[in-house]
Protein chains: 2
Amino acid sequence: MMAPIVGVRVFRPPQRRRLHEDVAEQLRDAILENHYRAGDKLPPERELAERFGVNRTSIREAIKTLESWGLVVARQGDGIIVQPLVEASLDLIGPMIFRQGRIDTALLREMQEVVSVVLYEMARAAVERLKQEHLRELKEWRNRLADPSLPREERFAAARAIMVLVADITGNRVWQMVARRLRNMLASAPLQKTRERLQLDPSPLVGLIDSCVDAVEAGKPKEAVARLREALRVLGESSVGMPFGTAITPSLLRRRRST
Amino acid sequence: MMAPIVGVRVFRPPQRRRLHEDVAEQLRDAILENHYRAGDKLPPERELAERFGVNRTSIREAIKTLESWGLVVARQGDGIIVQPLVEASLDLIGPMIFRQGRIDTALLREMQEVVSVVLYEMARAAVERLKQEHLRELKEWRNRLADPSLPREERFAAARAIMVLVADITGNRVWQMVARRLRNMLASAPLQKTRERLQLDPSPLVGLIDSCVDAVEAGKPKEAVARLREALRVLGESSVGMPFGTAITPSLLRRRRST
DNA sequence: AATTGCCATTGGTCGGGCCATCTGATAATC
DNA sequence: GATTATCAGATGGCCCGACCAATGGCAATT
């Protein structure tokens, strides 16, 4: 009897425009919620097709998505084997943190620990390589960010755009890609709801952006870097509704290893 | 006439075990090599099926993979639209750097600029949270790394395992995932060939690991961090065959923005 | 006890068909 | 002439049924 826990899990009939997307997300969440563990096998495609109430083709397309996420490996004649989560794509960190409407605060903190370091250095590089044209674009976004007539989420979008702009200024494509993944993560629906609920506001950013611009124009790069770093930190804090780059919590000290 | 460059591109019949994988990689490379640009459309599925000489099902499965990489977006009734590369998954950085057997040294340097920062901080966190059991495992890998009877690539694998171990020691799952993606990238075939060609050797690492362990056991965490950082830097250098975390080249200063 | 060969299971591929949606051209209207 | 409504073709999404190919376990054999 393979994976007995699994047999009882009920999959709902897909409702999205694209069936395989819906199926892929349900299977993804089933794995992230540990209904299937590393080494377990997913039910056979034919059975999944029956349980989801869709054709096997759609199941297979969903499996392809899971495979490219590194969540499973399909082996002909054997089955679809679940991989350890730590081996999966970084693209899954978002869904891992925000699954089923809840926020995994522990993982979010771990994420912040890494991200804060990356953004910290990105700010330095950006100020170092900044040019006049960038400054103009920065000011445009700053104005949008400060416009009180805009809905909250649009101003947050402007804040995220500033983060992406900073990455673009560095001229480093890897930072550019990282910033965009981060932007998408911060734009996710669960976080939007959190911001709505907590009545969060991105306006504290405005002053920091201003003083950063001032410092650049005054020829004080070091101060500009400091302000920009502060701005990115505040952006993170106000977007997720909790301190960003905090000290290490005791729970972090527990050793977490792949199984 | 949509994307005229593309018409002449000849796809070879897939040869791998799994057709859709082969197809996905060929299409991926076609996009990475700029045969299709952002906004362009891929040929219709039915035409791709004909040109690859496979069934449309396999093409569709390949497209699903491209979609989950963020390389394309398929829209019913319209077509398959190529996305800007900067919007794609970080998983593509590997193939972007090592495509068609060549190494994109510019992008590799940009990658190094980001990665060196991440590893730098990871080393600090690891030493801070290190426990006895970790030290034992570290020594085991160290011995494997130093064993001259082992083939070169196996010793490099031990070096990469040390990097993953360091990430595991931090207890931070994000670092753990990042380190594993990095490990896979450093294990890629083109880099193996490079190491073979340049006769690279991981042995300089051994001394650094030793002195790191010594520093830990002597109760000198700061020195241990410094040694570990040096070790990670050397690991990168010796794995890719070029300086790691170097100064910024002028080419980096050119602004690279998404199109 | 070890080896060999067989077979059910399971993923991989195929061919064909129909539906849903979008785009662009055409026709109708003002 | 400009605008709007309509329609047909193109294209992705999904389904069905069938067969192939690899795997792993079981049974027969040695």
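Bear in mind that the values here come from a model prediction, so they are computed numbers and not experimental data. All values below come from the heavy atoms of this structure, side chains included, with hydrogens, waters and symmetry mates left out. Letters go in sequence order (proteins before strands), and every chain restarts at 1.
Checking C:dG11, D:dC15, C:dC14 against every side-chain atom of A:S58, the shortest atom distance belongs to D:dC15. In the set D:dG12, C:dC14, C:dT10, the nucleotide with an atom closest to the side chain of B:Q76 is D:dG12. Comparing C:dG12, D:dG24, D:dG13 by their nearest atom to the side chain of B:E45 picks out D:dG13. Picking from D:dC15, D:dG13, C:dG11 the nucleotide with the shortest atom distance to the side chain of A:V54 gives D:dC15.
When atom types are taken as modelled, the side chain of B:E67 and the backbone of B:A74 share a donor-acceptor pair closer than 3.5 angstrom. Between the B:R144 side chain and the B:E140 main chain, no donor and acceptor come within less than 3.5 Å of each other.
If you take CG on A:L42 and CG on A:L66, they are separated by 7.0 Å, rounding to the nearest 0.5 Å. One distance of note links NZ of A:K41 with CG of A:D78; it measures 3.5 Å at 0.5 Å rounding.
Side-chain contact check for A:E87 versus B:R183: some heavy-atom pair is nearer than 4.5 Å.
When the C1' atom of C:dT13 is taken as reference, atom NZ of B:K64 falls 16 Å away, rounded to whole Å. The interatomic distance linking A:I63 (CD1) with C:dG11 (C1') rounds to 10 Å, in whole Å. The CZ-P distance, from A:R75 to C:dT9, rounds to 19 Å in whole Å. Rounded to whole angstrom, the span from the CG atom of B:D22 across to the C1' atom of C:dG12 amounts to 14 Å. Rounded to a whole Å, the CZ atom of B:R46 is 14 Å from the P atom of C:dG15. Here the C1' atom of nucleotide C:dT13 and the CD atom of B:E61 are 8 Å apart, to the nearest Å. Distance A:N55 CG to D:dC14 C1': 7 Å, rounded to the nearest Å. Rounded to whole Å, the distance from CG on B:L48 to C1' on D:dT11 is 12 Å.
Sequence order on DNA chain C of the closest nucleotides to A:T57 and A:I80 puts A:I80 first from the 5' end. Between A:G77 and B:L42, the residue whose closest nucleotide on DNA chain D is further toward the 5' end is B:L42.
For D:dC14, one of the phosphate oxygens OP1 or OP2 lies less than 4.0 angstrom from a side-chain nitrogen or oxygen of A:H20.
For A:D78 against D:dG24, a side-chain-to-base donor-acceptor contact under 3.5 Å is absent. Judged by distance alone, with hydrogens and angles left aside, B:R56 brings a side-chain donor or acceptor within reach of the base of D:dG13, the pair sitting under 3.5 Å.
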